[in-house]
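Since the structure comes first, as structure tokens, the remarks are kept for the end.
These numbers come from a predicted model, not from an experiment.
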Amino acid sequence: MNSMTRALWRHPVRLTLAICLLVFGVTAAVFWYTPGRDLKLTAEEREWLSNHRTIRLGVTPSTRPLEFFGGKAEYKGMVADYMHILSDRLGVRFEVVETTNLKKLLHMAEDREVDVIAAFWANPATIKYMRFTRPYLVIPTVILVNKNQKEYLQLKDMSDMDLALPKSNAVIDYVRKYYPRIHIQPVYNYLAALLHVSFDEIDATIISLPQASYFIEEKGITNLRVAGHTDYKIYHRIATRSDWPILNSIMQKGLDSITQTERDAIYRKWVTLDQHYISFLLQNKHFWFYFGGATLFIILFVAFIISWNRTLQKRVSEKTRELKDELNARVRLMTAIEQAQDGIFIISTDGIMEYMNPSFERMSGYALEELEGKHVSVIRSDRQSTEFFEELWKDLIRGDVWRGQTTYRSKSGHDYEVDLSISPIHDNTGKMTGYVEVARDITEQLQMEKQLRQSQKLEELGTLAGGIAHDFNNILAAILGYAELAQPTLEPGTRGYDNLDRIIHSAKRAKEMVHQILVFSRRRKPDKARVDMVPLLNEVGQFLEVSLPSTIEVRSDIAVSSGWVIGDSSQIHQVVTNLGTNAAYAMSENGGTLTISLDRAHIEQAVLLHGGRLEPGDYLRLTVADTGTGIPEEVMGRIFDPFFTTKPQTKGTGLGLSMVHGIVGSMHGGIDVKSTLDEGTIFHIYLPESEGTAPRVEFEEGDVVTGKGRILLVDDEEDMVAVGTQMLTDLGYAVQGVQDSNEALELFRSSPDSFDLLITDQTMPRMTGDRLAKAVHEIRPELPVILCTGYSASLDNLRPGEAGIRSVLMKPFEMAKLSRVVGKVFETLRG
């Protein structure tokens, strides 16, 4: 013992003071010195840190509570606490770079968009572009079950049990490798797995203890418990750029400086569900035996409470299942409403809009935000009277279901028809809380029904036209024939001669009228021929001038001497007439001027007009202009729609402009429309001009061709037999007329070589003309036949040249026409 020690022992006060100083020094050293805080960085590492004060840190914030962002975008979690310590000790700032998952984060690391990955838990052997520290955070995994399961579990005891695991988690491979008898149920993520276990749909799941703590305590899933631990652990390392090996060394030294005390503090901060002691107790069967014996009295005392608790749990479980089923049913119902094709909306008992599905949003043009809180009258049209809605609300107030049709108005302002059903909504007490309306847009359906009715009218008109065409044409043929036969007996210029000329002209006009009716009703195909527009327009102009009111002046401005197009003259006549009568209607109140003009136009490049696309080329431009009321802009786009009209119901059918559009389109033309309200409308009709001169004809229209031959004439109309016989006789032929087709056949059979030509009507009782021709053809195949008819549709099934039929002559016909057709047949026989 040295002198200092002896001196201290001789003076107890000094000894006490020295001991106190020694204890204080040791305590201070322990307190102020923490093993591992000396980083022991090399000079090169310190220099590198001074040059790299900011390091990009890649994080995946969806792995709560390991790392995530708080309410103020603050980087938080177990891993974040480690990185905060490293930031302080290394004197650097970590710039957080966020991404959704580790796979994307690795791609960013490979592209050098991040320098460090703090929570790397995958296999480091597969990553060549990063360096890795030793594991600094080892996370144990536990078995979570529903609290209904009371026993302690180990993986080896879970054979034939269902285990919910996320699809992409590596723990699936671990379980399949070491415990293949466990049934794995893959789910989307851990939250889904915990919900399945919570609802007692799957037996258990394996999850890391921090995540289990988070989901149970933070998410409020309180009916789960830890039933055991597994040997599977999750190792977390820090990954650094491979081209910065010095950074990996620095990070490892930083991790080594973190003491166990600091590590435990971080763990306890984020993991509060640590139940190792429960696991011990659950595995110690002796403890539970002695504890059970000691608490037998307490168990018996609370037996009733436990039984009641279990009954309550069962009821809660059943109620939870019922609520779950009800929720699923409500979700399905809501999905069905959202995806329904019909418009569905809900209003309060006061008519205030509360909800509408996407279909009604599309139907009405409104969004829910625009109508919510507003009265349902916002979407109603003013077509229905106030009395209509008063009666409707009376039914609804009584609690009745209302069904019917009404008109709504869209946000854009157009009206649309709906088939509506309104049903009351009652709550659990039977009180009416509102109404649900189901609306189906039937605007197009009603329009189609209207078009169908119009089509049926046209069909009826066509049937009527076809039915009267034959008889009417026979009458016209007789009138025309008798007039032509009588006219040569009178001197030209006499009163009788002029009257017969007018009769012939009127019969020809009636013939054209029947032709137009048949074409319009589609009972006759339009003729396609070269038509000179100039005389046709002069004729139409004269017709309009005498048929329109005297308050309307008709002007003609023809800028060409002739202009040929390919088409049907009757249809072109109809185009100009329809445009003229429409113009007259627009000027009916105040009068005005109707101008019909024709000139030439050259189109350089294709142009899109109101009435279709016009290709480049040479055209005749027909213009029909008026000084009437004009066409409103909102209806301009619909003027060519079938059955669309702005006229009153008794003033028009809406077919005029539709037919004009169809006729011009069939001629490969186009229509351009310009209109100004209260100033007038101009229609420009562009028709492709036909090249060349007028077609050469062998005979002039009035030329009569005479000839010789023996003709058998058959027609059930007495006048037609008489007229035909006189005409053919005057032309030089020997004619025998017969009114009965069967009699004609017997006559021919008795003397088949007595005739050189058969002329027969088509529509006759007992035997039609084509059947008579076939019977004659069987007896004498070389005999030519001319078929006459006043209705071309009756010949639809007749093939050209069949049964010796050389020509078809349409009634009524002039003597000149008959002479040319007969002459051409005899010329063919002689040739």
pair Leu49-Leu41: side-chain heavy atoms closer than 4.5 Å: yes
Side-chain heavy atoms of Val116 within contact of Arg56, under 4.5 Å: no
More than 12 heavy atoms of other groups within 6.0 Å of Tyr178 OH: no
Residues, nucleotides or ligands: over 12 heavy atoms within 6.0 Å of Asp160 CG: yes
Intermediate values then yes/no, side-chain hydrogen bond (donor to acceptor under 3.5 Å, both in side chains), Gln252 and Ser249: CA-CA 5 Å; Gln252 185 62 61; Ser249 175; over 6 Å; no
Check: Gln149 side chain, Asn146 main-chain N or O, donor-acceptor pair, under 3.5 Å: no
Flag side-chain contact, heavy atom, 4.5 Å: Thr205 against Leu194: yes
More than 12 heavy atoms of other groups within 6.0 Å of Arg263 CZ: yes
Glu354 to Ser348 - nearest heavy-atom pair and separation: OE2-CB, 3.3 Å
is_close_aromatic(Tyr82, Tyr136), centroid dist under 6.0 Å: yes
side-chain hydrogen bond (donor to acceptor under 3.5 Å, both in side chains) assessment of Thr259 paired with Thr261: CA-CA 5 Å; Thr259 65; Thr261 302; 4.5 Å; no
Student check: side-chain heavy atoms of His236 and Phe120 closer than 4.5 Å: no
Do any side-chain atoms of residues 94-102 form donor-acceptor pairs under 3.5 angstrom with protein atoms, and if so which ones, sequence neighbours left out?
from: Thr100; atom 1: OG1; to: Lys104; atom 2: NZ; distance (Å): 3.4
from: Asn101; atom 1: OD1; to: Lys103; atom 2: N; distance (Å): 3.2
from: Asn101; atom 1: OD1; to: Lys104; atom 2: N; distance (Å): 2.8

Shortest non-hydrogen separation from Ile127 to Phe132 and the atoms involved: CB-CZ, 3.7 Å
Euclidean distance, Tyr408 OH relative to Ile379 CD1, rounded to 0.5 Å: 4.5 Å
Side chain to side chain, Leu106 and Ile117, heavy atoms closer than 4.5 Å: yes
Criterion side-chain hydrogen bond (donor to acceptor under 3.5 Å, both in side chains) on Asn357 and Glu361, from CA distance to verdict: CA-CA 6 Å; Asn357 69 343; Glu361 290 183 354; over 6 Å; no
Distance-minimising heavy-atom pair for Glu45 and Lys40: OE1-O, 4.5 Å
Side-chain donor or acceptor of Thr141 paired with backbone N/O of Ile207 under 3.5 Å: no
Matching residue for Glu67 among Asp81, Leu57, Val59 - test: side-chain contact (heavy atoms from CB on, under 4.5 Å): Val59
Any donor-acceptor N/O pair, Thr133 side chain to Ile238 backbone, under 3.5 Å: yes
Under 3.5 Å donor-acceptor pairs involving side-chain atoms of residues 305-318, not counting sequence neighbours:
from: Thr311; atom 1: OG1; to: Ser307; atom 2: O; distance (Å): 3.0

side-chain contact (heavy atoms from CB on, under 4.5 Å) between Thr42 and Lys253, intermediate numbers included: CA-CA 11 Å; Thr42 64; Lys253 291 180 179 180; 3.9 Å; yes
Glu44 CD: over 12 foreign heavy atoms closer than 6.0 Å: no
Student check: side-chain heavy atoms of Tyr435 and Ile425 closer than 4.5 Å: no
Contact summary for Asp342 and Ser359, nearest pair of heavy atoms: O-CB, 3.5 Å
Stepwise side-chain hydrogen bond (donor to acceptor under 3.5 Å, both in side chains) check, Arg89 with Ser257: CA-CA 9 Å; Arg89 294 188 183 173; Ser257 71; 3.1 Å; yes
Residue pair Leu86 / Met251, side-chain heavy-atom distance below 4.5 Å: yes
Ile352 and Ile347, any side-chain heavy atoms less than 4.5 Å apart: no
Nearest-0.5 Å distance that lies between atom CD1 in Ile246 and atom CH2 in Trp48: 7.0 Å
Full working for salt bridge (charged side-chain N to carboxylate O under 4.0 Å, His left out) between Arg268 and Glu262: CA-CA 10 Å; Arg268 287 192 300 271; Glu262 293 172 321; over 6 Å; no
Pro166 versus Asn189, closest heavy-atom pair with distance: CG-C, 4.0 Å
Residues that Gln339 engages under side chain to side chain contact (heavy atoms under 4.5 Å, CB included), provided they are two or more places apart: Thr335
Residue pair Gly91 / Arg53: nearest heavy atoms and the distance that separates them: O-NH1, 3.0 Å
Residues, nucleotides or ligands: over 12 heavy atoms within 6.0 Å of Asn51 CG: yes
